[in-house]
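Here the structure comes first, spelled out in structure tokens, and everything after it is commentary.
Chain A is the first sequence line, chain B the second, and so forth, proteins listed ahead of strands; every chain is numbered from 1.
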Protein chains: 2
Amino acid sequence: MKNIRIKDIAVKAKVSAGTVDRVLHDRGNVSEKVKERILKIIEEMNYEPNFMARALGTKKEYHFAALIGDPKYDAYWLDPKSGIQKAAKEARQYGVKVTLFMFNPYDPGSFIKKAEEASRSNPDGILLAPMFYREVLPFFEAWKAKEIPFVLFNTQIAEFDPLSYIGQDSYQSGQVAGKLIHYGQPNPPSVLIAHIDEEISNSAHLTKKEQGLRNYFLQNNLSHQYEIIKAELNLRNYALFVEQLDAIFESNPQLQFCFVTTSKAFEIARYFEQKFISHIRIIGYDLIPQNLHHLNKGSISFLINQNPLGQGYWGINQLVDHLVFKKEISAIKFLPLDIVTKENLNYYIDDSLLYNRF
Amino acid sequence: MKNIRIKDIAVKAKVSAGTVDRVLHDRGNVSEKVKERILKIIEEMNYEPNFMARALGTKKEYHFAALIGDPKYDAYWLDPKSGIQKAAKEARQYGVKVTLFMFNPYDPGSFIKKAEEASRSNPDGILLAPMFYREVLPFFEAWKAKEIPFVLFNTQIAEFDPLSYIGQDSYQSGQVAGKLIHYGQPNPPSVLIAHIDEEISNSAHLTKKEQGLRNYFLQNNLSHQYEIIKAELNLRNYALFVEQLDAIFESNPQLQFCFVTTSKAFEIARYFEQKFISHIRIIGYDLIPQNLHHLNKGSISFLINQNPLGQGYWGINQLVDHLVFKKEISAIKFLPLDIVTKENLNYYIDDSLLYNRF
DNA sequence: TTGTAGGCGTTATCAA
DNA sequence: TTGATAACGCCTACAA
């Protein structure tokens, strides 16, 4: 009828609650015989711990480090930061403190510096966006050695089996883009894939998106009918950026779609505005303010949302569930690839992103 | 530094913890003077209750009634049911019991019967899908009189100010459909709006969706270019249903889109299959298995997901937050209008719908 | 009108 | 290797 408590198990096993607790947490100092007896009873009665009581009773304080890009350099990071802060606030009651370490997402050196700081802070758990593959590996090794669990988000790196990965499926998002383009123009269209960034960091991501798009056409036996042009554009020199675009669109007047694999779709929209181009439809990523502006004007058709806020939020929560509540957590957690357009935007830009999903 | 506790407030106010507790819960038996002093201190120290401790300390058991459609009659209700059960399982630890009362969604009489049963069970809170407007009103009055809070989902009825409404914005979902159609065919297309059901129950919903679609075209100054045909179709007589469709499509060969305002899009897809019609694109609602089948085949282009699982889940959670944790809860909670297509479907059909949003 | 004591299920400390 | 006991923060009788 009622919930099974530690005490119930203790009575049945003819031991004290303390002993059961030691078994539950594998703290040792329990004879093998008693341990097995207790474990069996736990199984039989299928005991489920009361997380409230556990949270209340535990005195341990947890310190987490969150290693993310600095919104100062790229507004994209505002959302992960908010999500982390929201989760941090909720977890404060359980004695969790989260410290943010924010690096320049265009500077591997900055990443290393902040990762070192984070390591030095001796956290009980780490949430990070491992943007720089080569640079992050030594840290993975160090954390593994020190048995500090880490959760990855934003960029997937499977090799060093993190506690968990939260994030987007880049490849699949490319497929979504493919569908949107195909749906928008069943007749053979012509597509520009634009990888736009300030640095060519983190290109694995972008390549996966491109592959997803290309394979959409292959899988649907449409590849021979479609024309796909690819451009890698850098924003550091804006004049050059415009020049490159000029060249592309002048020599490819047939282009009908532009798929921007980064959060810079608004740069294309802005360019089109200046050049009075209105027939090319744009599909991009991320609900950053500049993109939303153009989405609302209609100059961007769709944005694929990777729920960066949710990534930060659930990233911290994975650490909390694992360390504080000692729950089993899933090793990988893909967030939905939301297709966002002007008409359903409102439901994606506030808290609803945290509350509405399972 | 540490969290503010009731005791801290008590000390500062020179009263006992019991008095502070009485003020916090407005249980009376506190002199006006003391009450104000305590309230001020609570404000100043910005006290935040510890929900764990609160849940642990309270002995009260809560009984909730959930009044929903029976999946036996319409598979749509499988998801709300799962969501409710999931929330119920999580809330069990706080002494919450949820009883399901499932009515035949096509039979107002059945609704009344189940609503009466639910009322008789004397619940502390009620979650319901008030599908039958006229029939539900007396129950609203009764519950109001007995001060039983109720949360609405699926169908919005504002008049009797429920504790909260969880659900979809039908009108806005019509706008989303409008965008998808417009995007899929910038040239003036021809659209069939199909209201398909077994009974013409709950038509307010469907009308709102239709209005949303029509207004999309109006607002974008496209209405004169678009042709919209409307059909109300009944499934009870399948032969007649087919006949009606035959008539529509034979006399309107120009049709390019079909917007199904119910979860019956698959019926149109099936019909097209039989008639070898493949050029008309279908947009519908709800991720029920039959729809998913056709979504995966490509015969349905998009499904608008109203996250019925989430509706059930968050509905129960609103009651829990309000009654168990005495949190402030929002009076209305719109769930995102997810645009689901074959390529992003996977992220919408499992638990991710509950975990990924704020 | 106010204060006190005991309990919720778990953890942690200390003594046995 | 074990058991008893005092927290954790809040709620609720009951006593004052």
| task | At under 4.0 Å between heavy atoms, which parts of nucleotides 10-16 of chain C does protein reach? Answer with one letter per nucleotide, 5' to 3': B base, S sugar-phosphate only, - none. | result | BSS----

Under the rule for salt bridge (Lys or Arg N to Asp or Glu O under 4.0 Å), what residues qualify as partners of [X], not counting sequence neighbours?
X       : answer
E117(B) : K114(B)
K89(A)  : none
R27(B)  : D21(B)

| message | Contact between W143(A) and L128(A) at the side-chain level, heavy atoms closer than 4.5 Å - yes or no? | response |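 A side-chain contact under 4.5 Å exists here.
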
Atom [atom1] of [X] to atom [atom2] of [N]: distance rounded to whole Å?
X      : N       : atom1 : atom2 : result
M52(B) : dC11(D) : CE    : P     : 13 Å
D8(B)  : dC10(D) : CG    : C1'   : 13 Å
N29(B) : dT1(C)  : CG    : C1'   : 7 Å

| task | With sequence neighbours left out, write down each residue that passes side chain to side chain contact (heavy atoms under 4.5 Å, CB included) with E43(B), or none if nothing qualifies. | result |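 For E43(B), no residue satisfies side chain to side chain contact (heavy atoms under 4.5 Å, CB included) once neighbours in sequence are set aside.
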
Please identify each residue that fulfils side-chain hydrogen bond (donor to acceptor under 3.5 Å, both in side chains) with [X], with sequence neighbours left out.
X       : answer
S121(A) : H63(A)
W77(B)  : none
N46(B)  : none
K60(A)  : none

| request: Please determine if a side-chain N or O atom of T19(A) lies less than 4.0 Å away from the OP1 or OP2 oxygen of dT2(D). | output: no

| request: Applying ring pair (Phe, Tyr, Trp, His ring centres under 6.0 Å), name anything that partners F103(B), two or more places apart in sequence or on another chain. | output: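 Here the qualifying residues are F111(B).
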
| query | For the helix from dT1(C)-dA16(D) to dA16(C)-dT1(D), what angle lies between the axis at the first five pairs and the axis at the last five pairs, to 10 degrees? | reply | 50°

| request: With a 4.0 Å heavy-atom cut-off, tell me which residues in residues 31-46 of chain B come close to DNA chain C, sorted by residue number. | output: S31(B), V34(B)

